[in-house]
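First listed ligand is number 1; within each ligand, the first listed atom is number 1.
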Amino acid sequence: MNKKTVRDIDVTGKRVLVRVDFNVPIKDGKVADDTRVVAALPTIEYLVEHGAKAILMSHLGRPKGKVIPEMSLRPAADRLSGLLGREVKFLPDCIGPEVEAAVAGMKPGDVVLLENTRFHPGEEKNDPEFARKLASLGEIFVDDAFGSAHRAHASTEGVAHYLPAVAGFLMEKELDILGRLLEAPNHPFVSILGGAKISDKIGVIRNLLTRVDALLIGGGMANTFLRAEGYEVGESLVEEDSVPLAKELLEEATEVIRLPVDVVVADGFAPDAKSKVVGVDKVPQGWRILDIGPETVAHFADRLSGAKMVFWNGPMGVFEFPRFAEGTFAIARVLADLKNAVTIIGGGDSVAAVKESGLADRMTHISTGGGASLELLEGKTLPGVAALEDK
Ligand code: ADP
Ligand code: MG
C-alpha cells in the first residue's frame, strides 16, 4: 500500500482523531454484533500503547442530520470499553464546547468516543466548516473506517484537508488484501459472483474478468446469463435490459465464465414455497430459481480445487430462506476446506451469509466494507483513501 499509516508518524502525546466504522447493529441499547468494534482494536490499542490521546468518531445508521437517540453511539463506547479493558469516555456530541473541554482534559493513553457524526447535516454534505470543527479536536487524523471510505463525508474525507492524514491498521489490511486481488493475485485465481443483480456488479465483473482464471456465477445474477444462453427461467428474477450485456460477456469470456447446470426452483417467493431441483433447461413455467443445485455445487467445487486465491461476492441463492440457503452454505464449506488458498469474502449480504454458515473464521479475510470493497474492485478511487498522505 502506498499510503502512510499510523506507524509512519509520531503519535506520542498527540491528540489523534480516528475515524472508525462503528456502524453496528444495536438491539435493546446494546451492540448486537461487535465485529466492527473488534476490527478497530489494533489501531486503538496501538494508540493507547504509544501514549496518544485517541478521539474516536463514527457514524451509525441514517439519522439524516438530526439527533435520533436510538442511533446514539453510546452502546459502542460500552462495548469498546469492555474489549479494551479500560474506560472509554463517551461524549454527547462530536463538536462544540463540551467536547472541546473534555478533549482538552485528556491524558496520554485516554480514549474517548464522540457521538454519531451524522447527527449533524454537515457530515454527509461534507461541509468544510463542520469538517474544520471536527478536525480542530485533533492534531493528526487516522482513518480506519474502510467501510465508509467510498463516501466523501466530513469525517472520512473533509477532515483530511485540515490535518496530516494516515491510514489505520484495518484500512491498511483491507487495502493490502483487496489491492493484491487486482494487482498481483495468486493463480489459479477463481472468483465467485452471485447476489441479486448483474447491473449492481457489472464494474466488478468487468474488472475481475481480465484477472481471473475462472468466474463462477450463481445467485439471481446467473438468471440473466441463463436467459442470454437462451434458457427459459420462468418467474425468476431476470434483468431483461442486461441480457445483451450478459451475451457480450459470455462471448468475450467463454473459457472463464461458468454458469449453474442445475438449480433449486420454487413455486413462489416464500420460505415455505414448494421446491425441487431441476436442470437449467427444465425450469417449469410459473416457477422461479432461488438457489443453485447440487450438481452446480460439485461443478464449482471442481473449479475451485487447487485455487490459490478466491474472491467471493454475492450469495448463491435466497439464503435468507433456510430452504434456499444450501447452495450458499455449500460453497462456504468448499472455501473453508481449500488448502493453501487465500479466500476473501466481500459484500454486505455475502459476509452475513458466511457468518451464518458458521465458517467465517475459516476464511482468510472477511472484508468489513460492503460497498467500499466493491467500489475498490471496480477500480474506483475511494475518496477516503485518496485523502490520505502518500508514502
Ligand atoms: P452483497 O450484499 O453480498 O453484495 P447482493 O446485495 O448483491 O450481495 O445480493 C444479495 C441478495 O441476493 C440476497 O438478499 C439474496 O436473497 C438475493 N438473491 C440471491 N439469489 C437470488 C435469486 N436466485 N433470486 C432472487 N434473489 C436472489
Ligand atoms: Mg447487498
Below 3.5 Å only, please: the N or O atoms of ligand 1 paired with protein N or O atoms, distance on each line.
from     : atom 1 : to     : atom 2 : distance (Å)
ligand 1 : 2 (O)  : Gly348 : N      : 3.4
ligand 1 : 2 (O)  : Asp349 : N      : 2.8
ligand 1 : 2 (O)  : Asp349 : OD2    : 2.9
ligand 1 : 3 (O)  : Asp349 : N      : 3.3
ligand 1 : 3 (O)  : Ser350 : N      : 2.8
ligand 1 : 3 (O)  : Ser350 : OG     : 2.4
ligand 1 : 4 (O)  : Lys201 : NZ     : 3.3
ligand 1 : 4 (O)  : Asn313 : ND2    : 3.0
ligand 1 : 6 (O)  : Asp349 : OD2    : 3.0
ligand 1 : 7 (O)  : Lys201 : NZ     : 2.7
ligand 1 : 9 (O)  : Ala196 : N      : 3.1
ligand 1 : 12 (O) : Ala196 : N      : 3.1
ligand 1 : 14 (O) : Glu320 : OE2    : 2.5
ligand 1 : 16 (O) : Glu320 : OE1    : 2.7
ligand 1 : 16 (O) : Glu320 : OE2    : 3.4
ligand 1 : 20 (N) : Gly220 : N      : 3.1
ligand 1 : 23 (N) : Ile289 : O      : 3.1

**OP:** Using a cut-off of 6.0 Å, state whether more than 12 heavy atoms not belonging to Lys14 lie near its atom NZ.
**Re:** yes
Subject >> Residues Leu250, Glu229; criterion side chain to side chain contact (heavy atoms under 4.5 Å, CB included); working and verdict >> reply: CA-CA 9 Å; Leu250 285 168; Glu229 297 257 83; 3.8 Å; yes
Original post:
Quick one: do the Glu172 and Thr5 side chains pair a donor with an acceptor below 3.5 Å?
Top reply: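 Checked: Glu172/Thr5 side chains show no N/O donor-acceptor pair below 3.5 Å.
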Original post:
Relative to the ring of His50, is the ring of Tyr46 parallel (under 30°), tilted (30 to 60°) or perpendicular (over 60°)?
Top reply: parallel
Subject >> Under the salt bridge (Lys or Arg N to Asp or Glu O under 4.0 Å) test, residues paired with Glu356 that sit two or more places apart >> reply: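 Counting only residues at least two positions away or on another chain, Glu356 forms no salt bridge (Lys or Arg N to Asp or Glu O under 4.0 Å).
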Subject >> Atom pair CZ (Phe22) and CG (Leu73), whose distance is rounded to the nearest 0.5 Å >> reply: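 One finds 8.5 Å between CZ of Phe22 and CG of Leu73.
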Original post:
Out of curiosity, Leu216 CG to Arg258 CZ, how far, rounded to the nearest 0.5 Å?
Top reply: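 Leu216 CG to Arg258 CZ: 8.5 Å, rounded to 0.5 Å.
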Original post:
Mind checking what makes side-chain contact (heavy atoms from CB on, under 4.5 Å) contact with Ser373, not counting sequence neighbours?
Top reply: Phe146, Leu178, Ser367
**OP:** Could you check if a side-chain atom of Val142 sits within less than 4.5 angstrom of a side-chain atom of Ile140, using non-hydrogen atoms only?
**Re:**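 With C-beta onward as the side chain, the pair touches.
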Original post:
What protein atoms of element N, O or S are positioned under 2.8 Å from the Mg ion (ligand 2)?
Top reply: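 As for protein N, O or S atoms lying under 2.8 Å from the Mg ion (ligand 2), they are Asp349 OD2.
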